[in-house]
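We count ligands from 1, going down the list as the structure has it; atoms in each ligand are counted the same way.
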Amino acid sequence: MKTVIAPSILAGDFGSFARDAQRAEQSGGDWLHCDVMDGHFVPNISFGPDVIAALRKATQLPLDVHLMIERPDLYAERFIEAGADHVIVHVEAKHDVAKTLAAIRRRGKKAGLSLNPPTPIESVLPFLDQIDELLVMTVNPGFGGQAFIPETLEKIRTVRQLAPRLDISVDGGINLITGRQCVEAGANILVAGNSLFRHKTLDLAGAIDELRQSVL
Ligand code: DX5
Ligand code: ZN
């Protein structure tokens with residue numbers, strides 16, 4: 001499977017999101033990962049459908065919208081209306097998971113499911129045939145710039161064995177070393193914020209290329 005690089009706009013400049021979305025596209029990013037936080041499901045608040053709509057206007061990249069919200073069943077439609085291509089909901093959120101996934105797919109969008117580091121992999125196994133993407137959180141959600149949790153690698157291996165063709169993404173603390181570990185475990189989508197938008201020496205294009213080369 002080709003490795004997909006998805007820069008996470010959460011690490012971009014909040015004052016120039018549209019410009020940073022264009023930069024991600026011009027710099028060779030494959031998808032744009034958009035973190036929606038409601039201050040309930042996670043201890044942080046980021047942005048809502050209106051920002052997704054602005055990003056939609058700024059880039060052709062597929063918008064990979066990660067809903068870290070308590071009631072994704074109530075808001076998924078708003079994010080689809082705003083321009084989301086993929087809508088990722090959490091298995092730990094307060095909703096009928098199968099119903100929410102089906103509603104996203106009925107709208108012709110990719111349905112994704114995510115689980116947090118403390119959540120056992122068994123909780124998502126019943127849904128593997130109802131999703132287009134499994135997002136394995138490799139940090140506790142809510143903030144960028146956190147350290148990668150190595151115990152999450154085993155979940156990737158387990159799902160890759162059960163679902164050889166499923167898109168498996170990883171999110172949180174992804175860099176040259178942890179990205180390679182995840183790809184070796186079976187992930188094919190790397191979400192990265194700080195290691196791309198805030199690389200110490202390289203510009204965004206250089207950072208994306210370096211990460212892509214590191215997992216070839
Ligand atoms: C965290 C978000 C991540 C975050 C990744 O809750 O889901 O997408 O932006 O940022 P880094 O790559 O800096 O850990
Ligand atoms: Zn995310």
Student check: side-chain heavy atoms of [X] and [Y] closer than 4.5 Å:
X: Val136; Y: Asp171; answer: no
X: Glu210; Y: Leu176; answer: yes
X: Leu61; Y: Trp31; answer: no
X: Val124; Y: Leu134; answer: yes
X: Thr119; Y: Val91; answer: yes
X: Ile156; Y: Val170; answer: yes

Could you tell me, atom by atom, which parts of ligand 1 come under 4.0 Å of a heavy atom of [X]?
X: Leu10; result: 9 (O)
X: His33; result: 8 (O)
X: Gly145; result: 11 (P), 13 (O), 14 (O)
X: Gly172; result: 14 (O)
X: Met137; result: 7 (O)
X: His66; result: 7 (O)

Students should be able to answer this: which protein heavy-atom is nearest to [atom], and at what distance?
atom: atom 6 (O) of ligand 1; result: Gly142 N, 2.8 Å
atom: atom 1 (C) of ligand 1; result: Phe143 O, 3.6 Å
atom: atom 4 (C) of ligand 1; result: Asp35 OD2, 3.7 Å
atom: atom 10 (O) of ligand 1; result: Gly144 CA, 3.6 Å
atom: atom 14 (O) of ligand 1; result: Gly173 N, 2.9 Å
atom: atom 3 (C) of ligand 1; result: Asp171 OD1, 2.9 Å
atom: atom 12 (O) of ligand 1; result: Gly193 N, 2.8 Å
atom: atom 13 (O) of ligand 1; result: Asn194 ND2, 2.6 Å

> Has His66 got an N/O/S atom less than 2.8 Å from the Zn ion (ligand 2)?
Replying inline: yes
>> Apply ring-ring contact (aromatic ring centres under 6.0 Å, His included) to residues His86 and His66 and explain how you reach the verdict.
In response: CA-CA 8 Å; His86 316 158; His66 179 191; over 10 Å; no
>> I need the OD1(Asp35)-the Zn ion (ligand 2)-NE2(His33) angle, rounded to 10 degrees.
In response: 90°
>> Quick check: closest heavy atoms across Leu67 and Pro72, and the distance to 0.1 Å?
In response: CD1-CB, 4.3 Å
> Looking at Val51 and Phe47, what are the two nearest heavy atoms and their distance?
Replying inline: CG2-CB, 3.6 Å
> At the 4.0 Å heavy-atom cut-off, does Ala192 count as touching ligand 1?
Replying inline: yes
> Can Met68 be said to touch ligand 1, with heavy atoms closer than 4.0 Å?
Replying inline: yes
> Which atom, counting only N, O or S, brings Asp171 closest to the Zn ion (ligand 2)?
Replying inline: OD2
> How does Pro141 reach ligand 1, by side chain, by backbone, by both or by neither, if only non-hydrogen atoms under 4.0 Å count?
Replying inline: both
> Under 3.5 Å between some N or O of ligand 1 and some N or O of Met37?
Replying inline: no
> Where do Met68 and Asp35 land on the side-chain contact (heavy atoms from CB on, under 4.5 Å) test, with the steps shown first?
Replying inline: CA-CA 7 Å; Met68 288 162 276; Asp35 291 307; 3.2 Å; yes
>> Surrounding CZ of Phe148 (heavy atoms of other residues, nucleotides or ligands, distance under 6.0 Å), is the total greater than 12?
In response: yes
> Which is it for Arg160 and Lys155 under the side-chain contact (heavy atoms from CB on, under 4.5 Å) test, yes or no, and what are the steps along the way?
Replying inline: CA-CA 9 Å; Arg160 182 49 77 214; Lys155 293 179 181 178; over 6 Å; no
> With distance as the sole criterion, is a donor-acceptor pair present between the side chains of Asp167 and Asn188 under 3.5 Å?
Replying inline: yes
